[in-house]
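To start, the structure itself, in structure tokens.
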Amino acid sequence: MRESMVREIYYGNLNPWERKRVYNPERIALNDKIDGIVEHFKNLLTPEEYKKFEEMQELESQAEAEDEVDLFEYAFCMGAFLMIDIFGCDWATGND
């Protein structure tokens, strides 16, 4: 028998970040460009300057992760409100 989504979330078995990711060609090309630019700066900067560059990249990643959490929370709540609206609709008379 399939577990309910609520139980899957409770037991930590449902995690959207662990999904299999399939990148489209545009995303792969974008990643390749980013890698090329990072390599450019690695060759251009001194080791100390490059370390600072890596620190900036890490801080950007942390900021993006915070944005993703905020977006997930907003989208989750929006979906919940949509379900509340749908289940509150009077389907028999066509009134909402």
- request: May I ask you to check whether over 12 heavy atoms, not counting those of M56, lie within 6.0 Å of atom CE?
  value: yes

statement: So CD of E66 and OG of S61: to nearest 0.5 Å the spacing works out to 12.0 Å

query: Between L45 and F53, what is the shortest heavy-atom contact and its length?
result: CD1-CB, 4.0 Å

message: Quick check against the 3.5 Å criterion: does E49 have a side-chain atom that pairs as donor or acceptor with the backbone of T46?
response: yes

query: Should the pair E48-K51 be classified as a salt bridge under the 4.0 Å nitrogen-to-oxygen rule?
result: no

task: Give, for atom CD1 of I84 and atom SG of C77, the distance between the pair rounded to the nearest 0.5 Å.
output: 9.5 Å

field: From D67 atom CG to Y74 atom OH, the distance as rounded to the nearest 0.5 Å
entry: 14.5 Å

- prompt: Taking everything shown except E60 itself, do over 12 heavy atoms lie less than 6.0 Å from its CD?
  reply: yes

With a 3.5 Å cut-off and sequence neighbours excluded, list the donor-acceptor pairs that the side chains of residues 29-42 form with protein atoms.
| unit_1 | atom_1 | unit_2 | atom_2 | d |
| --- | --- | --- | --- | --- |
| N31 | OD1 | R27 | NE | 3.4 |

